[in-house]
Amino acid sequence: MVNECITFKSTGAEETRQLGRELGRLVQAGQIILLKGNLGAGKTAMVQGIAGGLGLDENITSPTFSLINEYQGKIPLYHMDLYRLDSESDLIDIGFEEYLDREGVVVIEWPELALPFLEPDFLLVKILVKEQQERDITLEAQGESSLKLLRR
């Protein structure tokens, strides 16, 4: 059940990163952020912004082939890309559930396989490509801590 949502307009990757930076500044350890959008929609730009907001200066890239990238900062960032996984057993094999118990921020691209494993408290970010660089970015808070994050 969606508790609350808000939609932002983005006219390019830098605006998408800026929204991510704001989320990164406000997020707390234990937060799960799910990213949905077509290939090239700007999911990695969003994660780059979140990392920047967390104070991480590293080169943030999509973990398409490594599946999980870990970044250590004041709050660790665990960036997952589940696009290449075919089943829930693949998810278990990569140790997915262990990351949910760590004190960090978990950001998951292509989160469909992960949904059955998640507590009902996460921020769902939907990126819809409109024309050229224009995007609608909808943040949907589900659960108390995610609702607090959205309202901040």
Side-chain angles (χ1 to χ4, degrees), residues 1-28 30-71 73 75-88 90-91 94 96 99-100 104-152:
M1 175 179 179
V2 174
N3 293 323
E4 199 167 306
C5 70
I6 187 168
T7 299
F8 296 89
K9 302 283 185 198
S10 172
T11 59
E14 188 49 43
E15 285 185 12
T16 300
R17 276 189 212 77
Q18 183 57 40
L19 177 58
R21 272 191 288 280
E22 192 60 32
L23 278 174
R25 281 194 274 283
L26 298 171
V27 74
Q28 296 180 352
Q31 181 67 52
I32 296 174
I33 300 173
L34 309 180
L35 300 178
K36 284 188 165 186
N38 292 335
L39 289 170
K43 294 181 297 294
T44 300
M46 176 66 68
V47 178
Q48 290 168 341
I50 292 169
L54 289 169
L56 297 167
D57 293 332
E58 299 181 48
N59 181 26
I60 306 299
T61 60
S62 181
T64 301
F65 296 101
S66 61
L67 303 177
I68 302 171
N69 289 342
E70 298 183 23
Y71 304 98
I75 299 175
L77 173 64
Y78 306 111
H79 179 198
M80 302 179 183
D81 185 330
L82 307 182
Y83 181 75
R84 296 172 44 111
L85 298 183
D86 294 320
S87 68
E88 288 180 2
D90 290 343
L91 197 59
I94 66 167
F96 172 79
Y99 285 91
L100 301 179
V105 175
V106 177
V107 179
I108 306 170
E109 296 186 38
W110 306 99
E112 291 76 13
L113 278 177
L115 290 173
F117 296 90
L118 300 177
E119 295 292 326
D121 194 334
F122 52 82
L123 185 69
L124 175 60
V125 178
K126 295 180 183 176
I127 305 174
L128 176 65
V129 178
K130 304 292 271 183
E131 298 177 11
Q132 297 175 352
Q133 293 294 313
E134 189 177 312
R135 310 283 194 265
D136 282 345
I137 302 174
T138 302
L139 308 179
E140 294 182 4
Q142 298 195 23
E144 281 302 312
S145 66
S146 298
L147 186 58
K148 288 176 187 175
L149 172 61
L150 184 65
R151 289 179 176 166
R152 282 192 303 258

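These numbers come from the heavy atoms of this one structure, side chains and all, not from hydrogens, waters or symmetry mates. Quantities reported herein were computed from a predicted structural model and do not represent experimental measurements.
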## Note on the structure
In terms of heavy-atom contacts, Gln28 and Val105 come closest through O-CG2, 3.9 Å
### Query
Are any of the side-chain heavy atoms of Leu82 and Ile94 separated by less than 4.5 Å?
yes
### Query
Which word best sums up how the rings of Tyr78 and Tyr99 line up, parallel for under 30°, tilted for 30 to 60°, or perpendicular for over 60°?
perpendicular
### Task
Count the heavy atoms of every other residue, nucleotide or ligand shown that sit under 6.0 Å from CD of Glu112, and state whether that count exceeds 12.
yes
## Note on the structure
Scanning both residues in full, the closest heavy-atom pair of Ile108 with Ala114 reads CD1-CB, 4.3 Å
### Task
Report the distance from atom CD of Gln133 to atom OG1 of Thr16, rounding to the nearest 0.5 Å.
8.5 Å
### Task
Determine, stepwise, if the pair Trp110 / Leu85 fulfils side chain to side chain contact (heavy atoms under 4.5 Å, CB included).
CA-CA 10 Å; Trp110 306 99; Leu85 298 183; over 6 Å; no
### Query
Is any side-chain heavy atom of Leu115 less than 4.5 Å from a side-chain heavy atom of Leu34?
yes
#### Entry: Minimum-distance pair of heavy atoms, taken over all atoms of Thr138 and Cys5
CG2-CB, 4.2 Å
### Side-chain heavy-atom pair Lys43, Asp81 within 4.5 angstrom cut-off
no
### Query
Going through the checks in order, is the side chain to side chain donor-acceptor pair (under 3.5 Å) test met by Thr7 and Asp136?
CA-CA 6 Å; Thr7 299; Asp136 282 345; over 6 Å; no
#### Entry: Cationic N near anionic O, under 4.0 Å, Glu22 to Arg152
no
### Task
Evaluate the side-chain proximity of Met46 to Ile33: yes if any heavy-atom separation is below 4.5 Å, no if none is.
no
### Message
Tell me the closest heavy-atom pair linking Ser10 and Ile137, and the distance in Å.
### Response
CB-CD1, 3.8 Å
### Query
Would you say the side-chain atoms of Lys36 pair up with the backbone N or O of Leu128, donor to acceptor, closer than 3.5 Å?
no
### Task
Measure the shortest side-chain to side-chain distance between Phe96 and Leu118 over non-hydrogen atoms and say whether it is less than 4.5 angstrom.
yes
#### Entry: Check: Phe122 and Val106 side chains under 4.5 Å, non-hydrogen atoms
no
### Message
Please determine whether the number of non-hydrogen atoms from other residues, nucleotides or ligands lying under 6.0 Å from atom CD of Glu144 exceeds 12.
### Response
no
## Note on the structure
Heavy atoms of Gln48 and Ile60 approach each other most closely as NE2-O, 3.0 Å
### Query
Are any of the side-chain heavy atoms of Leu100 and Glu119 separated by less than 4.5 Å?
no
### Query
Are His79 and Glu109 close enough that some pair of their side-chain heavy atoms sits under 4.5 Å apart?
yes
### Message
I'd like to know if the side chain of Arg135 reaches the main chain of Ala41, judged simply by a donor and an acceptor atom lying under 3.5 Å from each other, with no hydrogens or angles considered.
### Response
yes
### Query
To the nearest 0.5 Å, what is the distance between CG (Leu124) and CD1 (Ile32)?
12.5 Å
### Message
Return the CG to CD distance between Leu123 and Gln142, rounded to the nearest 0.5 Å.
### Response
9.0 Å
#### Entry: Shortest non-hydrogen contact from Leu113 toward Asp86
CD1-C, 4.1 Å
#### Entry: Pairwise distance CG(Leu23) to CD(Gln18) - rounded to 0.5 angstrom
10.5 Å
### Query
Hey, mind stepping through Ile75 and Gln31 against side chain to side chain contact (heavy atoms under 4.5 Å, CB included) and telling me if it holds?
CA-CA 10 Å; Ile75 299 175; Gln31 181 67 52; over 6 Å; no
### Query
Side chain of Glu134, backbone of Lys130: donor and acceptor closer than 3.5 Å?
no
### Task
Would you check if the side chain of Arg17 reaches a backbone N or O of Ala13 as a donor-acceptor pair within less than 3.5 Å?
yes
